[in-house]
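Every chain is numbered from 1 and lettered A, B, ... according to where its sequence line falls, protein lines coming before strand lines. The figures here come from the full heavy-atom set of this structure, side chains too, leaving out hydrogens, waters and symmetry mates.
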2 protein chains.
Amino acid sequence: MSDGPADGGRPRQRMRADAQRSIDTLLTAAAEVFATSGVDAPVRQITARAGVGAGTLYRHFPQRSDLIAAVFRHEVDACADAAASLVAQHEAVDALARWLQRFAAFIATKRGLSAALHSGDPAYDSLPSYFQQRFVPVLGALLDTAAKAGQIRSDIDPEDLLRAVGNLTLPAQEDDNGHTQRMIALLVDGLRYGTHGSV
Amino acid sequence: MSDGPADGGRPRQRMRADAQRSIDTLLTAAAEVFATSGVDAPVRQITARAGVGAGTLYRHFPQRSDLIAAVFRHEVDACADAAASLVAQHEAVDALARWLQRFAAFIATKRGLSAALHSGDPAYDSLPSYFQQRFVPVLGALLDTAAKAGQIRSDIDPEDLLRAVGNLTLPAQEDDNGHTQRMIALLVDGLRYGTHGSV
DNA sequence: TTGCTAACCGGAACAGCGTTCCGTATCGTC
DNA sequence: GACGATACGGAACGCTGTTCCGGTTAGCAA
């Protein structure tokens, strides 16, 4: 996906290089600021970090919700795309485990977002389905590959596992000392149960 | 309860009459403004309606949450106290029905509040229990009286009924044309069921 | 009743916010 | 290289919450 402005579709005509640069910089800066100061952080904090004027931000994201939604989609994409390189570099079940950790880290940054999600702003309406559309196939493929390799059982619904990991992550505090990671590892071990040697 | 300032206790020494007047005016004005513009309404709108300077508001309610909590308590009190006069003027089951309608009207004005409630501000921590402490005995007494008069059954838990009416009211839109009221009436009829003649 | 003082009031003033506007700079093309 | 369209930056505007302080008033004592 091409992280374009908030018109919701593909660019109707090629975007100028500096504009695309601005958008990328803003998206990155906003993600960092949202992570540290929450989604209610001042606009100027984002523009300052991006080294960009306020006008530039409003040109590309007329509404605050546009920026938030774009950052969300951007991070969803980054997380989903991470699966490919993990698969290339690790064994099937290992790639699965690592991706779930990555996914948990993603969820952990979304604490302040749930309030915005339920604010009724229509700009957010498409976000949950985007989340599903992007992650379910990715996780589904990871599960499939590992199952076909005989490394995990094959009766796991990706949607269920997605929700389970999400729930596992939500209540965690910031300083949970790897508790969430250990729980996810446990979950993965659960997946292994019932294959080849073990019963 | 004496709607004092936000020190949480009774006035440690008699308050000047003009101060008490200001507090009352502010509480009334704030309630009206919150009802029309939501709890996020500008402070100046409240002070303007109360015919009072900003300094006066901040003197009595240093934090915004203090004002919101005070308005809430004030309205809880008004609603709870309404029961007494209803009992004096109507038959037991009628008083009960009328009070439930009154309670539903109260809940209906609390739409915007739930977000504030869950904001984590400790000023709101005591509100839910205040709600319970104030309403459960009132409704309990109404139920008791009506039950002893043989007008309704006697196996109703006031806490349950409180929650039921609350839930009944929450999803209602502003223009529900008396739908909520009809549902509550139905609930009261349900209470009647199983007494004297009927089965 | 009068006078005194602590308490209170009003609103101007300040700081910080989101948002708009427009002169200037840059890109892509001819 | 020159030109038009596009995008950039940041000053400026209006609105916000909050503070501050000179003037006013309530309550009490003489």
Side-chain angles (χ1 to χ4, degrees), chain A residues 2-7 10-30 33-34 36-71 112 116 119 121 123, chain B residues 2-7 10-30 33-34 36-71 112 116 119 121 123:
Chain A
S2 74
D3 285 318
D7 60 9
R10 15 237 146 292
R12 50 196 90 235
Q13 98 184 40
R14 237 178 75 77
M15 171 172 291
R16 255 176 60 169
D18 53 350
Q20 185 62 56
R21 240 194 332 269
S22 290
I23 290 177
D24 291 343
T25 319
L26 276 169
L27 245 25
T28 310
V33 169
F34 287 165
T36 58
S37 307
V39 287
D40 291 327
V43 168
R44 272 178 245 270
Q45 199 173 330
I46 298 171
T47 57
R49 186 174 201 110
V52 141
T56 303
L57 191 157
Y58 281 95
R59 161 175 292 269
H60 298 299
F61 306 100
Q63 313 257 11
R64 185 186 190 78
S65 52
D66 295 331
L67 177 60
I68 295 176
V71 167
S119 68
D121 190 317
Chain B
S2 74
D3 285 320
D7 60 10
R10 13 237 145 292
R12 50 196 89 235
Q13 101 185 36
R14 236 179 76 77
M15 172 172 291
R16 257 176 61 168
D18 53 350
Q20 185 61 58
R21 237 191 338 265
S22 290
I23 290 177
D24 291 343
T25 318
L26 275 169
L27 244 26
T28 310
V33 170
F34 286 165
T36 58
S37 306
V39 287
D40 291 328
V43 168
R44 271 178 248 272
Q45 198 173 331
I46 299 171
T47 56
R49 186 174 200 109
V52 141
T56 304
L57 191 157
Y58 280 95
R59 161 176 291 270
H60 299 299
F61 306 100
Q63 314 256 12
R64 185 188 188 78
S65 52
D66 295 330
L67 176 60
I68 295 175
V71 168
S119 68
D121 191 317

Provide, to the nearest angstrom, the distance between the [atom1] atom belonging to [X] and the [atom2] atom belonging to [N].
{"X": "A:Q45", "N": "C:dA15", "atom1": "CD", "atom2": "P", "value": "20 Å"}
{"X": "A:I46", "N": "D:dG9", "atom1": "CD1", "atom2": "P", "value": "15 Å"}
{"X": "A:Q63", "N": "C:dT20", "atom1": "CD", "atom2": "P", "value": "9 Å"}
{"X": "B:R59", "N": "D:dC21", "atom1": "CZ", "atom2": "C1'", "value": "12 Å"}
{"X": "B:F61", "N": "D:dT19", "atom1": "CZ", "atom2": "P", "value": "16 Å"}
{"X": "A:L26", "N": "D:dC8", "atom1": "CG", "atom2": "C1'", "value": "11 Å"}
{"X": "A:Y58", "N": "C:dT20", "atom1": "OH", "atom2": "C1'", "value": "10 Å"}
{"X": "B:D40", "N": "C:dC17", "atom1": "CG", "atom2": "P", "value": "17 Å"}

Between B:S37 and B:F34 (side chain of the first, backbone of the second, donor and acceptor by atom type, cut-off under 3.5 Å), is there such a pair?
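Not confirmed, B:S37 side chain does not pair with B:F34 backbone.
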
Which atom names give the shortest non-hydrogen contact between B:A123 and B:A69, and what distance separates them?
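Nearest pair, atom of B:A123 first, then B:A69: O-CB, 4.2 Å.
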
Over all heavy atoms of both residues, which pair between B:R49 and B:A29 is shortest? Give the atoms and the distance, please.
CD-O, 3.9 Å

Less than 3.5 Å between a donor and an acceptor, one on the side chain of A:R44 and one on the base of C:dG18, is that the case here?
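Result: at least one qualifying N/O pair found.
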
Could you check whether A:A17 gets within reach of a base, just the sugar-phosphate, or nothing at all, counting any heavy atom under 4.0 Å?
sugar-phosphate

Across the strands shown, which category fits B:A41 at heavy-atom distances under 4.0 angstrom: base, sugar-phosphate, nothing?
sugar-phosphate

Show the numbers, then the answer: is there a side chain to side chain contact (heavy atoms under 4.5 Å, CB included) between B:F61 and B:I23?
CA-CA 9 Å; B:F61 306 100; B:I23 290 177; 4.2 Å; yes

For [N], does OP1 or OP2 lie under 4.0 Å from any side-chain N or O of [X]?
{"X": "A:T56", "N": "D:dA7", "result": "no"}
{"X": "A:H60", "N": "D:dC8", "result": "yes"}
{"X": "B:S22", "N": "C:dC9", "result": "yes"}

Hey, which of A:R21, A:R16, A:Q20 is the one that makes side chain to side chain donor-acceptor pair (under 3.5 Å) with A:D18?
A:R16

Between the protein and nucleotides 23-26 of chain C, list the N/O to N/O atom pairs that are separated by less than 3.5 angstrom.
unit_1	atom_1	unit_2	atom_2	d
C:dT26	O2	A:R16	NH1	3.2
C:dT26	O2	A:R16	NH2	2.9

Counting only side-chain heavy atoms from C-beta out, which of C:dT20, C:dC8, D:dT19 sits nearest to B:M15?
C:dC8

If you pin B:V43 and A:V52 to their nearest nucleotides in DNA chain D, which one's is more 5'?
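It is A:V52, whose closest nucleotide lies nearer the 5' terminus.
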
Side chain to side chain contact (heavy atoms under 4.5 Å, CB included) evaluation trace for A:T47 with A:R44
CA-CA 5 Å; A:T47 57; A:R44 272 178 245 270; 4.3 Å; yes

Could you check B:R64 against B:V43 for side chain to side chain contact (heavy atoms under 4.5 Å, CB included), going step by step and ending with a plain yes or no?
CA-CA 9 Å; B:R64 185 188 188 78; B:V43 168; 3.6 Å; yes

